[in-house]
Amino acid sequence: MVSRVIPVDPFDLVIFGATGDLATRKILPGLYRRDWAGQIPEQAQIIGAARSPLDDASWRDMVRAAIEENVTPDKRDPAAIARFLDRLGYVPIDARGTGGWEDLAARLVPGRVHAHYFSVGPGLFGDLAQRLHAHGMNDATCRIVVEKPFGHDRASAQALNATLAAHFDEHQIYRIDHYLGKETVQNLMAIRFGNMLFEPLWNAQYVDHIQITVAETVGVAGRGGYYDKSGAMRDMVQNHMMQLLCLIAMEPPYAFEPDAVRDEKLKVIRALDPVRPGDIVRGQYDAANGHASYLEDVESANSLTESFIALKAHVSSWRWKGTPFYLRTGKRLRTRTSEIAITFKDPPHSIFGEQEGQRSNMLVIRLQPNEGIKLKVTIKEPGPGGMRLVEVPLDMSFAEALGPEAEDIPDAYERLIMDVIRGNQTLFMRGDEVEAAWAWTDPVIAAWEARGDRPHPYDPGSSGPEDALMLMHRDGRRWREVKP
Ligand code: NAP
C-alpha cells in the first residue's frame with residue numbers, strides 16, 4: 001500500500017515563537033517532513049517571528065540544527081533540507097510591540113492562504129490577534145492557529161474567545177489539541193463509523209466501562225513554573241482526555257465535517273454529570289531512586305497542585321447511562337503510555353461453565369507508543385483435551401497491517417498544520433466546546449481548592465496513589481496494567 005500525499009496550494013505560514021521549544025522540536029521538523037514527502041508546493045514560504053534579533057540566514061541555521069536533531073536520518077536528505085531552508089524567512093517582532101509588522105505584511109503574497117501559528121505563551125494570543133488585525137492581515141485568506149492552554153478556567157477562556165472574535169471569525173480560528181491529530185484517534189472514528197461491527201454494541205447495554213489512560217514517565221522539572229499553576233486536571237483532563245472521551249461517547253455525526261463532529265462532541269460535554277468528590281483522586285509524586293519529588297521540581301514546599309489524577313465520569317445520555325468512564329493521567333509513572341480501553345460486558349450465560357481463560361472482550365486503542373488497535377477475543381486453546389478457553393488479541397497494529405508505509409504516517413502536528421492550510425477545522429476545537437469543558441472542570445477544581453486538599457503522595461515509577469486503585473476496586477473493576 002502506498003501512502004498518498006495530497007499536495008496543497010501555495011501558502012504563507014507565519015510561526016510566532018519561531019525560536020521556541022515547540023517550533024524547533026515539533027512544528028519545523030514536521031513541516032520539513034511534509035516537504036520531504038512532497039506535500040509542500042514550491043512557492044510556499046514559512047516566516048518565523050520572535051523577539052530575538054535574527055535574520056533569514058541565522059534563523060535558517062537554527063532550523064537546520066533543529067532538523068538535524070529532530071528528524072530521523074533516513075529523511076535527512078541534503079537536497080531536501082536545502083530546498084526547505086530556502087523557503088524560510090525571519091522577521092523580528094515583539095507581540096506587544098510596534099516594529100516588524102509592516103515588514104511581515106509586505107512578505108505575504110496576496111491571494112494565498114496565510115496561516116499564523118501562535119506558538120508563544122498564552123498571554124500573547126490576544127496581542128497577536130489584535131496586531132494582525134490592526135495591520136490589515138486578518139483578511140478572508142487568513143487563519144490563526146492557537147496553542148494550548150486555551151484559558152485557565154471558563155471565565156478566562158470566554159475572555160480569550162471574545163478577544164479573538166473581535167478580530168477573526170470562528171471559521172478562521174484553529175484551536176490545537178494535538179491529540180486529535182494522532183492517527184489512532186482518527187482511526188477510532190473510522191472504526192466506529194466505517195464498520196457495522198462495533199456501533200450496535202457501542203452503548204451501555206454492551207459496554208461495561210471505558211478507561212482512558214495518559215501516563216508519562218517524566219516529571220515536571222524544567223517547566224515546573226507553568227505546571228504548578230496548572231496541574232493534571234487543567235493540563236491534561238480538561239483538553240486532551242475530554243476530547244478522547246467525546247470521540248468515544250459522541251453520537252454518529254451526519255458527516256465527517258467540522259461542525260457536524262463538533263456539535264456531537266459538545267453534546268457529550270454537556271451531558272457529563274458533575275464529578276462526585278468521592279470519584280476523584282489527586283496525587284503528587286514523591287522523591288525516590290535519585291529523582292526529585294514534585295515539590296522539589298517546582299521549588300515549592302507547600303504546593304497543593306496534582307501531578308496525577310484519576311476520576312470516574314458519567315455521561316447522562318440515552319446511550320451511556322450506567323457505563324462509567326474512568327480517566328487517569330500522571331507524571332513519573334511506570335511507563336509512558338496513552339490508551340483507551342473499552343471493556344465489553346460478559347456474555348449473559350457461559351455455556352462453558354466457569355473457565356479461567358474466558359475474559360471480557362476489550363478494544364484497546366493505543367495512542368503512544370506503537371500506535372495501533374487491538375481487539376481481545378476469547379477462542380479455544382489449540383490442541384486436544386477438551387474445551388479450554390484463552391484470550392487472544394486481534395492485532396490491528398499499523399506497522400504490521402500497512403507495512404513500511406506506516407512509518408511515514410505524519411505526526412499529529414504535521415497533519416494538523418496541513419489541515420489548517422486546507423481549511424479543514426474538523427480536528428480543531430470550537431470556542432463553545434472549550435468553554436463547556438472548563439464549565440465541567442471548574443467546579444471540581446474550585447471544590448478542592450476551597451477545601452485545601454493535599455494530593456496523595458505516590459512513588460515514582462508506580463501506577464499512582466493507592467486510592468486510585470480503590471476507585472475501581474470498589475466498583476469490582478481493575479485498571480489495566482500500563483505496559484511499555
Ligand atoms: P518557549 O520555548 O518559551 O518559546 C516561546 C517563543 O515565544 C520563543 O520563540 C520566544 O522567542 C517567543 N516570544 C516570547 N515572548 C515574545 C514576544 N513578546 N513577542 C514575540 N515572541 C515572543 O515556549 P514553547 O514551549 O515553544 O511553547 C509555545 C506555546 O506552545 C505555549 O503556548 C505552550 O503552552 C504551547 N505548547 C508547547 C508545547 C511544547 O512541547 N513545548 C506543547 C504544547 C503546547 P523570543 O524570546 O526570541 O521572543
Side-chain angles (χ1 to χ4, degrees), residues 13-31 46-56 58-59 61-63 65-66 69-70 88 90-101 103-104 116-132 134-135 137 144-152 156-157 160 163-164 173-182 214 216 218-232 234-241 243 329 331 336 338 367-368 411-414 416-417 420 428-429 434:
L13 172 66
V14 180
I15 305 173
F16 291 99
T19 56
D21 176 69
L22 184 68
T24 50
R25 208 164 43 80
K26 290 283 183 190
I27 301 172
L28 288 154
L31 283 163
I46 298 165
I47 303 166
R51 289 169 307 177
S52 302
L54 304 176
D55 56 15
D56 292 353
S58 49
W59 189 51
D61 289 344
M62 183 185 266
V63 177
E69 200 172 328
N70 296 292
L88 305 183
Y90 183 89
V91 184
I93 285 186
D94 182 338
R96 297 202 164 121
T98 49
W101 296 98
D103 183 7
L104 176 62
H116 298 269
Y117 197 129
F118 294 0
S119 182
V120 293
L124 298 173
F125 295 163
D127 296 289
L128 290 176
Q130 187 270 326
R131 280 165 176 74
L132 286 171
H135 291 87
M137 284 181 269
I144 58 171
V145 184
V146 186
E147 259 301 333
K148 79 170 231 193
F150 197 93
H152 188 71
S156 54
L160 180 53
T163 304
L164 299 182
I173 304 171
Y174 290 70
R175 296 174 193 78
I176 284 248
D177 186 318
H178 71 274
Y179 271 55
L180 294 182
K182 288 181 182 288
V214 178
E216 296 177 279
V218 293
V220 301
R223 57 191 285 264
Y226 156 74
Y227 193 88
D228 201 42
K229 290 195 211 81
S230 166
R234 288 188 169 99
D235 190 48
M236 294 300 303
V237 176
Q238 185 273 343
N239 38 61
H240 308 312
M241 298 187 86
Q243 286 294 320
T329 180
K331 305 232 171 244
R336 173 174 170 263
S338 299
L367 277 61
Q368 64 187 19
D411 86 357
Y413 282 96
E414 295 172 49
L416 292 174
I417 294 171
V420 174
F428 296 83
M429 295 177 295
V434 182

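Source: prediction; values computed, not measured. All residue numbers refer to positions in the sequence shown, counting from 1. Counting starts at 1 for both ligands and their atoms, in listed order.
Here the shortest heavy-atom distance to atom 11 (O) of ligand 1, taken over Thr19, Asn239, Leu22, belongs to Thr19. Of all the listed residues (Val146, Leu128, Asp235, Val120), Val120 holds the heavy atom that lies closest to atom 31 (C) of ligand 1. Looking at Arg223, Glu147, Arg25, it is Glu147 that brings a heavy atom closest to atom 44 (C) of ligand 1. Here atom 21 (N) of ligand 1 lies nearest to Ala50 when heavy atoms of Gly121, Ala50, Pro122 are compared.
For atom 28 (C) of ligand 1, the closest non-hydrogen atom on the protein side is Ser119 O, 3.3 Å. Among all non-hydrogen protein atoms, the one lying nearest atom 47 (O) of ligand 1 is Ser52 OG, 2.4 Å. Summary of contacts: the protein heavy atom closest to atom 23 (O) of ligand 1 is Asp21 N, 4.4 Å.
Within the 4.0 Å heavy-atom shell around ligand 1 one finds Lys148.
The contact set between ligand 1 and Gly20, taken as ligand atoms under 4.0 Å from a residue heavy atom, comprises 2 (O), 4 (O), 8 (C), 9 (O), 26 (O). Within ligand 1, the atoms closer than 4.0 Å to a non-hydrogen atom of Ala18 are 9 (O), numbered from 1 in the order shown. Each of the atoms 17 (C), 18 (N), 19 (N), 20 (C) of ligand 1 lies under 4.0 Å from some heavy atom of Ala95. Listed by atom number, the atoms of ligand 1 under 4.0 Å from Pro149 heavy atoms are 34 (O). Using a 4.0 Å cut-off to heavy atoms of Asp94, the atoms of ligand 1 that qualify are 17 (C), 18 (N), 19 (N). Below 4.0 Å from some heavy atom of Ile93 lie the following atoms of ligand 1, by number and element: 19 (N), 20 (C). Below 4.0 Å from some heavy atom of Leu124 lie the following atoms of ligand 1, by number and element: 15 (N), 16 (C), 17 (C), 18 (N).
The minimum heavy-atom distance linking Leu31 with Ile46 is given by the pair CD1-CD1, 4.0 Å.
Counted by atom type alone, Asp61 and Ser58 present zero donor-acceptor pairs between their side chains at under 3.5 Å. With 3.5 Å as the limit, one finds a donor-acceptor pair spanning the side chains of Asp235 and Tyr226.
Considering CD of Glu147 and OH of Tyr117, their distance stands at 3.5 Å, rounded to 0.5 Å. Distance CG/Leu132 to CG/Leu128: 6.5 Å, rounded to 0.5 Å. The distance from the CG atom of Asp411 to the NE2 atom of His178 is 9.0 Å, given to the nearest 0.5 Å.
Protein non-hydrogen atoms do reach within 4.0 Å of atom 7 (O) of ligand 1.
A donor-acceptor contact shorter than 3.5 Å links the side chain of Tyr227 to the backbone of Ala232. Panel note: side chain Trp101, backbone Ala134; no donor-acceptor pair is recorded below 3.5 Å.
Close N/O approach between Gly17 and ligand 1 is found [any backbone or side-chain N/O within under 3.5 Å].
Under the side chain to side chain donor-acceptor pair (under 3.5 Å) criterion, Ser338 pairs with Gln368, sequence neighbours left out. Every salt bridge (Lys or Arg N to Asp or Glu O under 4.0 Å) that Asp127 has, sequence neighbours left out, goes to Arg96, Arg131.
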